[in-house]
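In what follows, a single structure is set out as structure tokens and then discussed.
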2 protein chains.
Amino acid sequence: MAYRETEKMRQRKALARQRILDCAQLRVTEGGFRNAQISQVASQAEVATGTIYRHFESKEELFAEVFRAATEREVGRVAKDLAGDGDAVERLAQALRHFARRALRAPTMAWALIAEPVDPRVEAERLRYRRAYAELFEAAIREGVREGSLPAQEARHSSTCLVGAIAESLVGPLSPAQSTDGKTPPTDYESLVNTIVGFCLQGLTGTRR
Amino acid sequence: MAYRETEKMRQRKALARQRILDCAQLRVTEGGFRNAQISQVASQAEVATGTIYRHFESKEELFAEVFRAATEREVGRVAKDLAGDGDAVERLAQALRHFARRALRAPTMAWALIAEPVDPRVEAERLRYRRAYAELFEAAIREGVREGSLPAQEARHSSTCLVGAIAESLVGPLSPAQSTDGKTPPTDYESLVNTIVGFCLQGLTGTRR
DNA sequence: CTAACAAGTGAATCAGCATTCATTTTTTGT
DNA sequence: ACAAAAAATGAATGCTGATTCACTTGTTAG
């Protein structure tokens with residue numbers, strides 16, 4: 001018996017795997033999932049195409065993981081905002097506002113995560129994470145109801161509306177067409193963010209503020 | 001000179017074209033855009049695959065037209081509801097309610113139109129029509145503001161939120177995964193519809209009702 | 001050093017459909 | 001009935017990348 005996987009090797013492999021993931025993510029950040037080909041990722045990561053298949057089942061699996069990593073980071077941030085100070089309404093407002101701002105600041109990636117047409121495998125992740133966001137909001141809404149800052153409501157459904165409203169509102173401004181066509185006047189992002197947040201809060205509270 | 005396109009021929013061609021469109025639509029109704037292949041459409045319409053290309057530029061073009069036809073019908077219905085009786089708020093409520101009910105009654109087609117991953121050509125149509133819905137809502141909102149049933153607001157943005165909220169709320173219930181997995185309890189559609197409409201109205205009016 | 005095995009390579013292969021086009025069939029006016 | 005022209009046909013072709021795999025290189029333990 002001669003070869004045995006050693007710690008050093010394990011680390012090196014993990015590193016390579018990570019480098020592949022990073023490069024794949026970079027490609028997505030630059031042009032969305034659509035023009036992120038395996039061969040490109042490979043050359044960027046300085047490995048052969050075949051090597052990618054030693055680390056990932058398939059292209060879909062690789063990009064599903066990219067999607068997961070990127071979205072998990074976002075979900076974490078939203079969760080953090082929702083765990084912050086103030087009553088539930090204030091925390092929801094904060095979370096929505098920050099989410100929108102982050103998206104608008106990294107538009108290609110945000111668009112890829114929110115609206116780009118993708119393979120079913122990746123689409124499945126998207127569905128999962130939309131649910132994840134909705135569940136975070138749902139919990140916050142329930143708290144709001146409990147503490148009295150929100151009126152009683154079907155938290156399950158209104159949280160979904162929240163996710164939809166914010167996602168849809170961002171689709172237009174994030175679309176590559178939008179940023180490329182040169183004729184659409186640049187949206188006033190802060191005003192957009194304000195309206196989105198305003199609408200969502202009213203939807204939840206039934207109160208203008 | 002021997003052959004000249006005659007009226008009879010023109011009609012027959014129009015008929016064939018329509019039959020192709022109908023069959024394509026039928027395929028979509030049954031399994032979404034994903035498993036609607038040209039060869040299938042052809043055999044269903046009882047023509048050769050090549051024939052389809054005498055009537056349509058390309059697959060994408062064909063399905064873009066299917067999409068257009070189906071969505072235009074929907075947009076028309078929404079427009080009709082928005083032109084109905086009552087104040088703007090009542091009309092918006094009606095339009096949203098009916099839209100959601102129709103979608104839930106024809107889930108596969110609705111899912112294909114709202115959320116299925118599709119070719120860019122078709123996706124472009126989708127974007128266009130989301131705008132179309134939003135614009136209809138936007139006009140109604142402006143009327144509401146004018147007549148005083150709605151508080152002043154950025155109609156442009158709140159209409160987008162409306163579209164997003166309703167679309168997102170329907171994605172889950174419409175997903176093929178949902179209807180196929182057999183373990184998810186059947187959603188109470190009327191309650192879902194009520195929450196969606198309620199949320200949207202509050203979002204617009206700032207008033208519980 | 002060497003045997004035993006793992007990891008890496010990238011050119012060749014494959015797959016799945018859309019699309020084409022040489023051929024056949026149908027239509028039309030005379 | 002015939003020739004000119006259009007329309008229909010569907011088997012063959014083409015495209016685009018993902019995926020494979022025979023081979024090379026690197027690693028390990030004795």
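Lettering of chains follows the sequences in order, A, B, ..., and the numbering in each one begins at 1. Please read all numbers here as calculations on a predicted model, not as lab measurements.
Here dA6(D) presents its P atom at 16 Å from CZ of R12(B), a figure rounded to the nearest Å. With rounding to whole Å, D119(A) atom CG is found 13 Å from dG17(D) atom P. Taking atom NE2 on H55(B) and atom C1' on dA6(D), their separation rounds to 12 Å, with Å as the unit. One can place CD of Q11(B) at 15 Å from C1' of dT27(C), the figure rounded to the nearest angstrom. To the nearest angstrom, P of dA8(D) lies 8 Å from CD1 of I20(B). What separates CD of Q37(B) from C1' of dA15(C) is a distance of 13 Å, to the nearest Å. The distance between atom NZ of K59(A) and atom P of dC14(C), rounded to the nearest whole Å, is 21 Å. Spacing between atom CZ of F63(B) and atom P of dC17(C) amounts to 13 Å, rounded to whole angstrom units.
Comparing E60(B) and V47(A) by the nucleotide of DNA chain C that holds the closest heavy atom to each, the one mapping nearer the 5' end is V47(A). Mapping E7(B) and A36(B) onto DNA chain C by nearest heavy atom places A36(B) at the nucleotide closer to the 5' end.
Listed nucleotides: dT19(D), dT27(C), dT27(D). Nearest to the side chain of M9(A): dT27(D). The K8(B) side chain lies nearest to dT28(C) when the options are dT9(D), dG10(C), dT28(C). Which of dT19(C), dA7(C), dA18(D) sits closest to the side chain of K13(A) comes down to dA7(C). The side chain of A48(B) has dT9(D) as its nearest neighbour among dT9(D), dT26(C), dG8(C). Listed nucleotides dG10(C), dA18(D), dT19(C) differ in distance to I38(A); the shortest reach to its side chain belongs to dA18(D).
A donor-acceptor contact under 3.5 Å links the side chain of R54(B) to the base of dA8(D).
Although no hydrogens or angles enter the test, the distance criterion places a donor-acceptor pair under 3.5 Å between the side chain of R126(A) and the main chain of L113(A).
An OP1 or OP2 oxygen of dG10(C) is reached within less than 4.0 angstrom by no side-chain nitrogen or oxygen of T49(A).
Within the 4.5 Å cutoff, the side chain of V118(A) has no heavy atoms near those of the F67(A) side chain.
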Side chain to side chain donor-acceptor pair (under 3.5 Å) assessment of E72(A) paired with Y129(A): CA-CA 8 Å; E72(A) 217 132 64; Y129(A) 279 106; 2.7 Å; yes
R19(A) and E46(A): CA distance, side-chain angles, deciding distance, salt bridge (Lys or Arg N to Asp or Glu O under 4.0 Å) verdict: CA-CA 9 Å; R19(A) 198 170 59 249; E46(A) 294 178 291; 5.4 Å; no
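Remark: E116(A) pairs with no residue by the salt bridge (Lys or Arg N to Asp or Glu O under 4.0 Å) rule, at least two apart or across chains.
At a threshold of 4.0 angstrom between heavy atoms, the contacts of R10(B) with the nucleic acid are absent.
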